[in-house]
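In what follows, chains carry the letters A, B, and so on, assigned in the order in which the sequence lines appear, proteins first and then strands, with residues in each chain numbered from 1.
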2 protein chains.
Amino acid sequence: MADRREEILDAALALADEAGLDAVSMRALADRLGVTPMALYRHVDSKADLLDGLVDRLLVAFVPVNTDAAQGDWADRLAGLARTFRRTVQSHPWAAQLLFSRPAVTPDAVRAVDVLYSALIEAGVPGREVPRLERMISTFVIGFAVSEASGRFAPGAVDPRRRRGQFCDGELLGHRRLAPWLDSPTDLNAEFERDLSDLLRLVESTTRERP
Amino acid sequence: MADRREEILDAALALADEAGLDAVSMRALADRLGVTPMALYRHVDSKADLLDGLVDRLLVAFVPVNTDAAQGDWADRLAGLARTFRRTVQSHPWAAQLLFSRPAVTPDAVRAVDVLYSALIEAGVPGREVPRLERMISTFVIGFAVSEASGRFAPGAVDPRRRRGQFCDGELLGHRRLAPWLDSPTDLNAEFERDLSDLLRLVESTTRERP
DNA sequence: ACCTGAACACCGTTCAAGT
DNA sequence: ACCTGAACACCGTTCAAGT
């Protein structure tokens, strides 16, 4: 009765948290379970299937069923879901490599999409526009979390020699004008909140009729 | 003088276009160049360095220097850059796995960021807000292109048995109310344009003073 | 039903040796 | 300077065999 597949996914998740996604090989996973690599294939179709299972585990963890994110008006619920998702990726940065690769197809992923749909309907967004706005918001939220986890928002150690070259050639005019604001480090928590409130304003503006 | 590194990147890009990113191994790449795998390490630090070089090649291709995307007012330039980026990823879908992994650090990536900075400044966005809006827009645009290329926007073949189960249990209320709009297939070209115009409206609204 | 052992066709990378 | 050969320590997966 104790589903062997679940034990395998437990071990894979622990391995990924401890040593990163690259450390999750069929062989290493089998070792950790005290079993031969081939024994895994009885419960998992392939390594790709294993990774799909891993992503699903993460989504189970964050979908709001009887949690804070399920309370409040539509804006609270939408922002709550976004914050919970970001926090989940922060605790499992290895997931960044997987999150953009598969459609939201598992029952739990569909449930998360449904929370967004319901929030947008409650906000008064026309039904025709809801799926598009859902994709837009989820694309941004996943993108932000993945960018953070994979270092895309990191300071960016540009080769100073080349940078100076670009500056002197009269290039990078934008960077030059923004110099006062580019030196201070970014508070990504505050930035995420500002981005969210911008997106909520955008949702609100979609409830009014437009040409 | 003929830089050997450039020949290697040419071959790697061709290999990726023909057979996908997984086919780009040091051994296969060496084979294609008629050389021993170890010969590559004279011109490339590691496989990671090779992949960074590949991404850079893509960015060189799309940064607007004397092209359509460099013309027009700020909104045209911003939308042009987004469209060109999306088209680039569409022609090289293997890049999807790499685009979120490294900060925009190479000279060409910095140039692309600068085009966005300049557009936002011209739009009248306060300097303090420009870097945030640049990250927000680029995160969305990269996320959209990557989602498309990696199948996240694909129809989503949910297991019908499970889906029915969820429907009958009174779950997925959002999906149920949206059924009329969820059956027709999505025109992603039109959706991308609508998303872009929403983002441009958001930029405009940031030029007005807010609390 | 569930697991094992041996094997196949691959990886990235190091190191000493060649010219 | 540039390349090679052999080797190390890995991969995912197939297939026949064991209990």
Using the side-chain hydrogen bond (donor to acceptor under 3.5 Å, both in side chains) rule, collect all pairs that involve [range], keeping only residues at least two apart or in two chains.
range	value
residues 113-123 of chain A	A:Arg77-A:Glu122, A:Asp114-B:His175
residues 30-39 of chain B	B:Glu18-B:Arg32
residues 85-97 of chain A	A:Asp17-A:His92, A:Asp17-A:Trp94, A:Arg86-A:Glu148, A:Arg86-A:Asn189, A:Gln90-A:Glu148

Exercise for review: Take atom P in D:dA9 and the same atom in C:dC10, then report the distance between them in whole Å.
Suggested key: 22 Å
Study note, to complete from the structure: For residues 10-38 of chain B, the ring-ring contact (aromatic ring centres under 6.0 Å, His included) pairs (sequence neighbours left out) are none
Study note, to complete from the structure: Sorted by number, residues from residues 24-42 of chain A placing a heavy atom under 4.0 Å from DNA chain C are A:Arg27, A:Val35, A:Thr36, A:Met38, A:Ala39, A:Arg42
Revision key, fill the gap. Note: chain B reaches DNA chain D at heavy-atom distances under 4.0 Å over the stretch, first to last nt, 5' to 3', of D:dC2 to D:dA7
Exercise for review: Applying salt bridge (charged side-chain N to carboxylate O under 4.0 Å, His left out), name anything that partners A:Arg135, two or more places apart in sequence or on another chain.
Suggested key: B:Glu191
Study note, to complete from the structure: Residue set satisfying salt bridge (charged side-chain N to carboxylate O under 4.0 Å, His left out) with B:Asp56, at least two apart, ordered chain then number -> none
Practice item. Quick one: list whatever passes side chain to side chain donor-acceptor pair (under 3.5 Å) with A:Ser138, sequence neighbours left out. Key: A:Glu134
Revision key, fill the gap. Intra- and inter-strand pairing of DNA chain D, written as dot-bracket with Watson-Crick and G-U pairs under 3.5 Å and | for the latter, reads ||.|||||...|||||.||
Review point. For B:Ala39, what residues pass the side-chain contact (heavy atoms from CB on, under 4.5 Å) criterion, not counting sequence neighbours?
Key: B:Val35
Exercise for review: For B:Phe100, check side-chain contact (heavy atoms from CB on, under 4.5 Å) against everything at least two apart and list the hits.
Suggested key: A:Phe100, A:Val146, A:Ser147, A:Ser150, A:Arg152, B:Ile142, B:Val146
Check your understanding: Hey, what's the ring geometry for A:Phe192 with A:Phe144, parallel, tilted or perpendicular (30° and 60° as the breaks)?
Key -> tilted
